[in-house]
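Residue numbers begin at 1 in each chain, while the letters A, B, ... track the order of the sequences.
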Amino acid sequence: MPNYFLTEEQMMIRDLARQIAEEKVKPVRAELDEKEEFPWEIVRILAQADLFRVWVPEEYGGLGGGTLELCLATEELSRACAGVAVTYAGSALGGTPILLFGNEEQKEKYLPPLASGEKLAAFALTEPDAGSDAAAISTTAEKVEGGYVLNGTKQWITNGGEAEIYVVIAMTDKTKGARGASAFIVEKGWEGFGFGKKERKMGIRASATRELIFQDCFVPKENLLGREGMGFIVAMRTFDRTRPGIGAQSVGIAQGALDEALAYAHQRHQFGRPISSFQAIQHMLADMATQIEAARALVYYAARLIDSGEKDISKISAMAKLFASDVAMRVTTDAVQIFGGYGYMREYPVEKMMRDAKITQIYEGTNQIMRNIIAGELIKELASRR
Amino acid sequence: MDIVVCIKQVPETTEVKIDPQTKTLVREGIPGIVNPFDMYAIEEGLRLKERYGGKVKVLTMGPPQAEDALREALAMGADEAVLLSDKALAGSDTLATSYALSMAVRKLGYDLVICGKQAVDGDTAQVGPEMAEHLGVPFVAWVRKVEEVSDGKIKVQRLMDDGYEVLEMPLPALITVVKEINEPRLPSLRGKMRARKAQIPVWTVEDIGADPSRVGLEGSPTQVVRVFTPERRAGGEILQGEPEEVADKLVEKLEAMGVI
Ligand SMILES: Cc1cc2nc3c(=O)[nH]c(=O)nc-3n(C[C@H](O)[C@H](O)[C@H](O)COP(=O)(O)OP(=O)(O)OC[C@H]3O[C@@H](n4cnc5c(N)ncnc54)[C@H](O)[C@@H]3O)c2cc1C
């Protein structure tokens with residue numbers, strides 16, 4: 001595999017994440033998937049290894065890395081189990097708005113326990129009637145003495161119920177539409193904040209996806225993130241930074257599927273020879289490897305651009321997520337094909353990879369929405385050149 | 001409590017080959033790893049430190065590249081590391097090695113020395129116990145659990161073929177540990193970064209005040225007379241039938257062989 005000019009520290013992150021994936025995640029992934037069990041034990045191992053620290057600045061207990069470091073760890077974990085990886089990356093998704101928009105007190109209070117892995121975070125935007133159309137959310141935050149009162153239901157929240165720290169988007173002023181939303185930091189255990197049903201999913205079944213229910217939940221004004229009315233800016237800027245992480249998850253899933261398919265093709269014999277000797281299989285493997293490398297290059301480039309401080313990142317970030325997740329879906333489907341009937345069986349890992357890959361085309365914005373964003377940026381660029 | 005963990009860098013076991021002529025290990029070009037049993041020793045040292053406070057110092061005797069093994073221990077959380085490395089130590093057998101290590105252990109200062117039960121390359125399991133003799137301290141080999149350290153004493157469980165024994169001895173002391181004792185932790189990123197930057201002192205025979213005639217080839221009385229592949233024993237015979245019948249047949253055979 002090309003080394004992508006990684007620094008010694010970045011290679012250290014990648015290698016340690018790979019070691020944990022191989023030694024600790026692989027042996028339990030099938031069971032976690034089967035039982036739909038939240039991977040607390042692995043979360044603790046990741047915490048002890050300092051992997052939750054990689055994206056957090058040093059002054060808040062982190063190792064001072066950025067998007068690329070987070071992507072490297074996410075990719076390696078996804079190679080073994082995407083359910084574990086999204087649990088890990090989901091905490092960074094919840095922490096990113098605090099890093100980007102938090103004031104000093106908020107950062108000092110909430111980032112260190114996320115860096116140590118002592119606590120997990122989650123990000124809550126989606127509602128039953130507001131998916132791609134996020135501006136349609138109906139959860140409200142009514143201003144009262146000393147803070148706000150939240151009412152409403154968030155749906156399909158990754159790490160829901162398990163996380164301690166939630167960034168929640170709610171409407172402070174419905175009359176202003178998209179400019180009427182605000183972001184809040186809410187802690188598990190606060191009065192009026194409870195959890196609804198835990199979803200039973202097709203893939204990433206080790207991860208928790210759950211409803212958050214707010215019933216007259218008081219949030220002190222210190223926990224408003226950014227200013228009132230900035231809710232969607234917080235959400236969009238957050239996704240701009242975290243979408244390459246979904247790309248990294250996709251690259252990891254695809255790489256894991258290729259690793260399995262290659263080994264299997266070498267060992268499976270039909271017609272008196274290994275199936276890897278058939279050109280049809282060889283070409284499939286070649287296409288899989290090529291697509292993965294292209295996706296990885298795009299994801300790392302997007303991550304590096306973000307880490308360089310570039311402001312205009314919506315388009316590249318959406319491209320990385322879109323391309324890599326489509327690659328993951330194609331590559332895992334082909335991996336099942338190479339395995340034949342065995343690939344369809346739960347005894348082998350590729351059917352799980354195919355189920356896991358599907359979500360990468362859906363969450364943090366569907367791939368249709370990614371194309372809308374990319375096209376929107378292209379047209380904007382054209383207009384600005386005229 | 002000052003804990004010294006003695007570790008050895010060995011060739012990666014899965015890649016080891018035996019030279020058919022000399023019957024010795026082919027070490028060239030094989031990556032070095034920390035002797036797997038020593039990983040349990042490092043882990044136990046770290047756990048005892050977490051329980052009772054103190055410091056974990058790791059020691060290895062070997063060529064300059066054995067430093068990698070020490071860095072791995074530092075990455076797991078060891079406080080200090082020392083490399084005992086000197087051309088004069090080359091060719092040391094277990095007696096000379098344990099003597100040299102014991103001198104370095106004395107210099108480091110210790111309440112407890114922990115070793116793996118054996119190194120997977122030589123497989124002698126001698127260096128730990130011999131070191132205790134050189135140091136003149138009590139030891140327990142094959143420890144599967146440290147129950148308690150208190151009042152200057154350590155209480156351990158020694159793994160036996162048919163169970164375990166509970167033993168107590170005064171500190172300072174030495175133990176060798178088996179794999180049942182714990183599950184070694186993975187390194188952490190901060191540990192790895194610290195380990196990468198750490199300055200590891202290299203001690204010579206002179207530094208540890210060892211008698212030069214007791215180390216290296218000169219200090220090694222062990223002579224390898226012959227290394228050979230033992231012949232396969234012929235398969236046994238299984239007698240089948242009713243118990244009385246089989247017993248009679250067995251007695252008959254034993255009598256014929258002149259055993260009874
Ligand atoms: C496992 C899982 C975990 C999740 N985790 C989180 C989380 O942690 N936090 C959170 O806030 N949300 C989370 N989500 C929600 C996720 O982000 C949404 O599912 C996603 O944004 C799509 O919304 P939707 O499912 O309502 O689909 P819809 O918006 O109803 O879309 C249905 C279909 O219509 C298409 N479509 C919709 N609008 C357009 C358009 N304008 N142009 C073209 N096509 C369009 C979509 O692409 C899709 O194919 C999670 C979802 C899942 C399944």
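- Counting non-hydrogen atoms of neighbouring residues, nucleotides and ligands closer than 6.0 angstrom, the CH2 atom of B/W142 reaches no more than 12 such neighbours.
- When all heavy atoms are compared, the tightest approach of A/L16 to B/S188 is CD2-C, 4.0 Å.
- In this structure, the portions of A/E9 lying under 4.5 Å from any heavy atom of chain B include both its backbone and its side chain.
- For the pair B/M193/A/D50, no side-chain contact is recorded, criterion being any heavy-atom separation below 4.5 Å from C-beta on.
- Looking at A/Q19, only its side chain comes within 4.5 Å of chain B, counting heavy atoms on both sides.
- Around NE2 of A/H269, the count of heavy atoms belonging to other residues, nucleotides or ligands within 6.0 Å exceeds 12.
- Note on B/E183 versus A/K24: salt bridge recorded, some NZ/NE/NH1/NH2 to OD/OE distance being below 4.0 Å.
- By the neighbour-count criterion of 12 heavy atoms within 6.0 Å, atom OH of A/Y301 is sparsely surrounded, having that number or fewer from other residues, nucleotides or ligands.
- Counting heavy atoms of neighbouring residues, nucleotides and ligands inside a 6.0 Å radius, atom NZ of B/K55 does not exceed 12 of them.
- B/R185 CZ to A/I45 CD1: the interatomic distance, rounded to the nearest 0.5 Å, is 12.0 Å.
- In the displayed structure, A/K188 atom NZ is contacted under 6.0 Å by more than 12 heavy atoms of other residues, nucleotides or ligands.
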Go through the steps for B/L186 and A/Q48 under the test side chain to side chain contact (heavy atoms under 4.5 Å, CB included), then give the verdict. CA-CA 8 Å; B/L186 290 161; A/Q48 199 184 28; over 6 Å; no
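- For B/K107, the NZ atom counts as densely surrounded, since its 6.0 Å shell holds more than 12 non-hydrogen atoms of other residues, nucleotides or ligands.
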